[in-house]
S.K.: 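Have a look at this one.
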Amino acid sequence: MAKAHKIAGLKPLRSYHENARIILSQRLEEVYTWEPFIRDETRREELHNMRISIKRLRYTMELFRVAYQNRGQQSAVSIYTEFLAMIVDLQEILGDIHDADVVLAVLTDYASQLGNQERQIAVLPGIVRLIARTEKTRKADYETFLEKWDQLSAAGFKQKLLSFLLS
């Protein structure tokens, strides 16, 4: 699992909101370091690392929500909540992909370790079907992720979120 990027530029005497802007913008940039790998569905570790980076961004956004709620503008709270919902959605889809990857690794390992012929005949067809079903689900989740990522990219999600966070 990838380590979190170190946050640069924090100063304890800065306001909560100023430090929130610094941390959140760097967490967002961390997410995008994994973007070059998303078009290759076999890059399982990189997809998992992107999920972890998105998770860090999500929880940091939840922590700093109060910094954006205290602006006194109801629309700012609503916008922040919308951005957060999109982050949560990406994290959940990538989580489903990772879950499928773990299940596939376990099932494949189990199938390769089946010993005697009698046991293989009884168990293997079910495992093969389960592997196929899990691969199909993973592929659908991966395609959903790419569709959402492309929609967000086309809508300028990163730039809009950065602009909002830094305002």
Side-chain angles (χ1 to χ4, degrees), residues 1-10 14 16-69 76-112 130-167:
M1 174 178 8
K3 289 186 173 186
H5 294 191
K6 293 209 181 255
I7 302 295
L10 287 180
R14 284 193 177 137
Y16 187 70
H17 186 255
E18 288 175 278
N19 280 323
R21 291 170 41 187
I22 293 167
I23 295 169
L24 288 169
S25 63
Q26 290 182 44
R27 286 287 178 243
L28 181 61
E29 291 298 337
E30 179 184 328
V31 168
Y32 279 85
T33 63
W34 301 107
E35 186 177 30
F37 305 104
I38 67 171
R39 301 283 169 207
D40 182 353
E41 69 180 292
T42 65
R43 302 297 292 258
R44 288 166 166 71
E45 187 167 338
E46 288 84 356
L47 286 171
H48 177 61
N49 287 337
M50 180 181 236
R51 180 184 76 86
I52 297 301
S53 293
I54 289 172
K55 184 162 66 166
R56 285 186 191 111
L57 174 61
R58 171 192 177 174
Y59 295 147
T60 307
M61 285 182 74
E62 289 174 351
L63 175 72
F64 286 120
R65 183 184 309 207
V66 68
Y68 291 89
Q69 289 175 336
V77 174
S78 175
I79 293 168
Y80 195 83
T81 302
E82 288 176 28
F83 281 128
L84 184 56
M86 291 176 206
I87 296 295
V88 168
D89 194 32
L90 289 173
Q91 180 192 348
E92 288 176 354
I93 295 167
L94 285 170
D96 291 342
I97 292 168
H98 179 67
D99 291 347
D101 289 339
V102 170
V103 168
L104 287 168
V106 169
L107 290 174
T108 303
D109 184 53
Y110 180 72
S112 70
L130 188 53
I131 289 171
R133 185 181 310 145
T134 305
E135 286 173 338
K136 183 178 177 183
T137 301
R138 187 206 187 271
K139 184 168 183 57
D141 289 339
Y142 176 73
E143 289 171 3
T144 298
F145 167 72
L146 286 180
E147 287 173 24
K148 288 188 186 273
W149 188 266
D150 289 343
Q151 289 169 356
L152 291 173
S153 294
F157 176 78
K158 178 184 178 187
Q159 294 75 17
K160 288 177 183 175
L161 179 53
L162 263 177
S163 177
F164 178 81
L165 294 173
L166 298 175
S167 64

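Just so you know, these numbers use all the heavy atoms, side chains as well, and skip hydrogens, waters and symmetry mates. We number each residue from 1, following the sequence as shown.
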S.K.: Is there a side chain to side chain contact (heavy atoms under 4.5 Å, CB included) between E35 and S153 once you walk through the steps?
M.R.: CA-CA 11 Å; E35 186 177 30; S153 294; 4.1 Å; yes

S.K.: Among pairs that include at least one residue of residues 82-103, which meet ring pair (Phe, Tyr, Trp, His ring centres under 6.0 Å), considering only residues two or more places apart or in two chains?
M.R.: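 Listed by first then second residue: H48-H98, F83-F157, F83-F164.
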
S.K.: For E29 and K158, what are the C-alpha separation, side-chain angles and deciding distance, and is it a side chain to side chain contact (heavy atoms under 4.5 Å, CB included)?
M.R.: CA-CA 9 Å; E29 291 298 337; K158 178 184 178 187; 3.1 Å; yes

S.K.: Is there a side-chain contact between F145 and E41 in this structure, where contact means two heavy atoms from C-beta onward sitting under 4.5 Å apart?
M.R.: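 No. Closest side-chain heavy atoms not under 4.5 Å.
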
S.K.: Enumerate the salt bridge (charged side-chain N to carboxylate O under 4.0 Å, His left out) contacts for residues 141-156, please, sequence neighbours excluded, ordered by first and then second residue.
M.R.: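 Qualifying pairs: R39-D150, D89-K148, K139-E143.
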
S.K.: So, do N19 and R14 sit near enough that their side-chain heavy atoms are less than 4.5 Å apart?
M.R.: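 Yes. Closest side-chain heavy atoms under 4.5 Å.
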
S.K.: Which value, rounded to the nearest 0.5 Å, describes the distance between L104 atom CG and T137 atom OG1?
M.R.: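 With rounding to 0.5 Å, CG (L104) is 9.0 Å from OG1 (T137).
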
S.K.: Determine whether I52 and L94 make a side-chain contact, defined as any pair of heavy atoms from C-beta on separated by less than 4.5 Å.
M.R.: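 SC-SC contact between I52 and L94 ruled out.
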
S.K.: Applying ring pair (Phe, Tyr, Trp, His ring centres under 6.0 Å), name anything that partners Y59, two or more places apart in sequence or on another chain.
M.R.: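 Checked Y59 against ring pair (Phe, Tyr, Trp, His ring centres under 6.0 Å); zero matches.
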
S.K.: So do the side chains of I79 and K160 get within less than 4.5 Å of each other, counting heavy atoms only?
M.R.: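 Heavy-atom side-chain distance check fails, nothing below 4.5 Å.
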
S.K.: Taking salt bridge (charged side-chain N to carboxylate O under 4.0 Å, His left out) as the cut-off, I'd like each qualifying pair that reaches into residues 90-107, sequence neighbours left out, listed once.
M.R.: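 Of all non-adjacent pairs touching residues 90-107, those that pass salt bridge (charged side-chain N to carboxylate O under 4.0 Å, His left out) are R44-D101, D101-R138.
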
S.K.: Has the side chain of E46 got a donor or acceptor atom that lies under 3.5 Å from a matching backbone atom of I38?
M.R.: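 Here the side-chain-to-backbone pair does not exist.
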
S.K.: Looking at Y68 versus H17, is the centre-to-centre ring distance below 6.0 Å?
M.R.: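 Yes, they do, as the ring centres are separated by less than 6.0 Å.
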
S.K.: Quick one: pull up CD1 in I131 and CG in L107 and give me the separation to the nearest 0.5 Å.
M.R.: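 If I round to the nearest 0.5 Å, the distance is 5.0 Å.
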
S.K.: I'd like to check Y142 versus L47 (side-chain heavy atoms, cut-off strictly below 4.5 Å). Are they in contact?
M.R.: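 Yes, their side chains come closer than 4.5 Å.
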
S.K.: With side chains defined as the heavy atoms from C-beta onward, is the minimum distance between W34 and R43 less than 4.5 Å?
M.R.: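 Side-chain contact under 4.5 Å: no.
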
S.K.: Could you tell me which non-hydrogen atom of L165 sits nearest to which non-hydrogen atom of S25, and how far apart they are?
M.R.: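 So the minimum-distance heavy-atom pair works out to CD1-N, 4.4 Å.
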
S.K.: Apply side chain to side chain contact (heavy atoms under 4.5 Å, CB included) to the pair Y80 and M61, showing each step before the final yes or no.
M.R.: CA-CA 9 Å; Y80 195 83; M61 285 182 74; 3.4 Å; yes

S.K.: What pair of heavy atoms forms the shortest contact from I87 to I54, and how long is it?
M.R.: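 Here I87 and I54 meet closest at O-CG2, 3.5 Å.
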
S.K.: To the nearest 0.5 angstrom, please state how far the CE atom of M50 sits from the CD1 atom of I97.
M.R.: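 Reported value, rounded in 0.5 Å steps: 10.5 Å.
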
S.K.: Identify, with sequence neighbours excluded, every residue that meets side-chain hydrogen bond (donor to acceptor under 3.5 Å, both in side chains) alongside T42.
M.R.: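 Partners of T42 under the side-chain hydrogen bond (donor to acceptor under 3.5 Å, both in side chains) test: D40.
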
S.K.: Give a yes or no answer on whether the side chain of T108 reaches the backbone of A105 with a donor-acceptor pair at less than 3.5 Å.
M.R.: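 It does not hold such a pair.
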
S.K.: Any heavy-atom pair between the side chains of R21 and F64 that's under 4.5 Å?
M.R.: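 Side-chain contact under 4.5 Å: no.
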
S.K.: Keeping to residues at least two apart or across chains, list the salt bridge (charged side-chain N to carboxylate O under 4.0 Å, His left out) pairs with something in residues 49-59.
M.R.: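 Residue pairs passing salt bridge (charged side-chain N to carboxylate O under 4.0 Å, His left out), neighbours aside: E30-R56, R58-E62.
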
S.K.: Is H5 close to T33 at the side-chain level, that is, under 4.5 Å between some pair of heavy atoms?
M.R.: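 Yes, side chains in contact.
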
S.K.: Within the distance-only criterion (no hydrogens, no angle test), does the side chain of S163 pair as donor or acceptor with the backbone N or O of Q159 below 3.5 angstrom?
M.R.: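 Looks like no, no N/O pair under 3.5 Å.
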
